[in-house]
Structure formats: structure tokens, C-alpha cells
Amino acid sequence: MRIVIKVGTSTLTHPTGRMDIRHVETLCKVLSDVKNAGHEIVLVSSGAIGMGVGKLNLRERPADMATKQAAAAVGQCELMYVYDQLFGTYNHTIAQILLTGEDLRDEHRHRNFSNTVERLLDLNVLPVINENDTVSTVEIGVGDNDTLGALVAVSVKADMLIILSDIDGLYTADPRREKSAELIAEVREITPAMRESAGGGGTALSTGGMATKLTAAGICMEAGTDMYILNGAQPLLIYEVLEGKRVGTRFIGRKTP
Ligand code: GLU
């Protein structure tokens with residue numbers, strides 16, 4: 001199977017912006033093992049700005065564009081260094097791909113991107129993709145990595161997208177506020193009620209939240225690709241998805257007859 005995994009800043013870093021070593025190490029170990037089992041993995045990883053904030057000892061996520069982009073440039077280096085070390089431990093070679101929304105909207109550049117990913121996968125390399133935050137602005141950007149993950153999954157014709165989040169999946173209401181909120185195991189149709197309860201989102205260091213995950217799910221389902229939301233604090237759940245168990249929330253891709 002070809003699997004795109006999207007991992008968010010809230011999984012990769014502590015609220016301080018420093019790396020969450022336990023999460024990152026377990027994730028790289030599981031993905032290496034899944035790759036050893038014969039699956040193709042593409043990783044869409046956030047964390048550049050978050051790790052840059054940590055490395056530069058900034059007190060919070062910068063609000064101005066220039067500092068944000070500087071933090072991303074510093075953090076992206078750190079991120080790839082860590083991935084290279086950890087995947088290297090298991091003998092896997094990684095590659096960095098940085099994209100903007102324009103790269104995916106422009107047919108020619110989009111084709112170059114998918115050709116490169118195909119070639120990397122042929123070469124048994126694990127591509128690690130992020131938005132090119134140092135040049136991305138609102139006008140040319142994708143904006144968030146959940147959407148980027150979905151666009152990548154569709155464009156590389158993945159069998160599934162797995163989004164690792166700081167929550168177990170999609171709930172009937174915000175479980176942090178409402179005790180009665182229940183986890184939704186399977187979604188065939190994104191309803192207005194789901195969008196409403198998703199609200200805005202993100203944490204101090206990341207941009208996502210549930211709203212962008214529903215956008216990502218919409219893109220995947222439309223293209224016939226399954227998408228899962230799993231808790232990134234438990235990367236071992238990826239094995240359970242591959243074993244066909246019901247974990248997190250599964251958004252079922254539309255099957256065309
Ligand atoms: N590209 C951003 C980063 O690496 C993250 C964007 C997102 O998480 O949606 O920090």
C-alpha cells in the first residue's frame with residue numbers, strides 16, 4: 001500500500017516548541033517498520049515553525065511574517081536533521097520536498113512534483129514534505145498541512161492518508177469542553193453539523209484544528225481516497241489501521257462504480 005502520513009506540530013513538539021523526543025522516535029520507528037513490511041510511505045510533516053521557535057528561544061509563535069519565515073527556515077533544518085538521524089538508524093533514506101500552493105496549482109510544476117515522488121519511491125526513499133514556509137504567503141500558500149497532506153495523497157494516488165493529531169479522532173462535539181462528546185468511528189458524508197462543531201482551531205504553535213481536517217477529508221473522499229484521524233501520541237495505532245481494526249475516525253473515500 002501507498003500511505004501518506006501527516007504529522008502535526010502538536011505531536012512533534014512540546015508546547016515549549018522543543019521536540020517531543022518520545023513521539024518523534026516512536027513515529028520514525030513505526031514508519032520504518034511499516035516500510036520494511038513493504039508499504040510505501042510519504043510523510044507530510046509540520047513542525048518547522050514550532051521547532052524554529054524552540055531553537056531560537058522565542059517565547060511564543062511569532063505573529064509577524066518575517067519572523068515566522070525565519071523560524072521556519074531554522075526549524076526545517078532541525079526537523080530534517082532529526083528525521084535523517086532516526087530513519088537512518090533503521091537504514092531508510094529520506095528526501096526533503098518543500099512545496100507552495102502554486103506548485104500544486106500549476107500543472108507543469110505539479111507534474112514535476114509527482115514524477116519526483118514516484119522516482120523517489122522507486123528508489124526506496126521516504127519523501128518528507130512540508131510547505132515551503134520561507135516563501136509561502138497567504139496568496140500563494142496552501143495554508144495548512146492537513147490540506148497539503150490531502151493534496152499530496154490525491155496527487156501521488158495514495159491508498160490512504162493518515163492524519164496524526166493531538167486528539168483521538170472526530171467527535172460529535174468538542175470533547176475538551178463537552179463530556180458527552182462521542183468519537184465518530186466512520187464518516188461517509190461530511191455534514192454541516194460536523195463542520196459547525198469543528199469550529200476554528202489550532203494550538204499556540206500550530207495552525208490546524210478540526211476544521212482543516214474536515215477540509216482534508218473532503219478532498220480525499222471526493223477523490224476516492226480513505227483518510228484516518230489518529231492520536232499522534234500513539235503512533236502504534238498505525239499498525240491497527242493496517243490490520244483493518246477500527247481506530248480513530250475513518251473517512252471513507254467515495255467509490256465510483
Ligand atoms: N508548515 C508549518 C510548519 O512546518 C505547519 C503548518 C501546519 O501545521 O498546518 O511549521
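Counting starts at 1 for both ligands and their atoms, in listed order. Please read all numbers here as calculations on a predicted model, not as lab measurements.
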- Query: So which bit of D144 gets within less than 4.0 Å of ligand 1, heavy atoms only: side chain, backbone, both or neither?
  - Reply: both
- Message: I want to know if ligand 1 touches D146 in the polar sense, i.e. an N/O pair below 3.5 angstrom.
- Response: no
- Query: Quick check: are there more than 12 heavy atoms from other residues, nucleotides or ligands sitting under 6.0 Å from OH of Y81?
  - Reply: no
- Task: Return a yes/no value for G50: is any of its N or O atoms, backbone included, closer than 3.5 angstrom to an N or O of ligand 1?
- Result: no
Give every donor-acceptor pair under 3.5 Å between a side-chain atom in residues 152-162 and any protein atom, sequence neighbours left out.
| unit_1 | atom_1 | unit_2 | atom_2 | d |
| --- | --- | --- | --- | --- |
| S155 | OG | H110 | NE2 | 3.2 |
| D159 | OD2 | R2 | N | 2.7 |

- Do D106 and R111 sit within salt-bridge range, that is, some charged N less than 4.0 Å from a carboxylate O? no
- Message: Can you tell me if K35 has over 12 outside heavy atoms packed within less than 6.0 Å of its NZ?
- Response: yes
- Within a distance under 4.0 Å of any heavy atom of S46, pick out the atoms of ligand 1 and give their elements. 4 (O), 5 (C), 7 (C), 8 (O)
- Query: Checking side-chain contact (heavy atoms from CB on, under 4.5 Å) against V4, which of I163, V42, L151 comes through?
  - Reply: V42
- Query: Are any of the N/O atoms in E131 less than 3.5 Å from those in ligand 1?
  - Reply: no
- Message: As an exercise, identify every atom of ligand 1 less than 4.0 angstrom from a heavy atom of N130.
- Response: 1 (N), 3 (C), 4 (O)
- Going only through I, L, V, M, F, W and Y residues with side-chain contacts under 4.5 Å, is there a path from I3 to F251? no
- Query: Does any N or O atom in G47 lie less than 3.5 angstrom from one in ligand 1, N or O only?
  - Reply: yes
- Would you tell me whether S136 and D133 have side-chain atoms, one donor and one acceptor, within less than 3.5 Å of each other? no
- Judged by non-hydrogen atoms, does A72 sit under 4.0 Å from ligand 1? no
- Is it the side chain, the backbone, both or neither of N145 that has a heavy atom closer than 4.0 Å to ligand 1? both
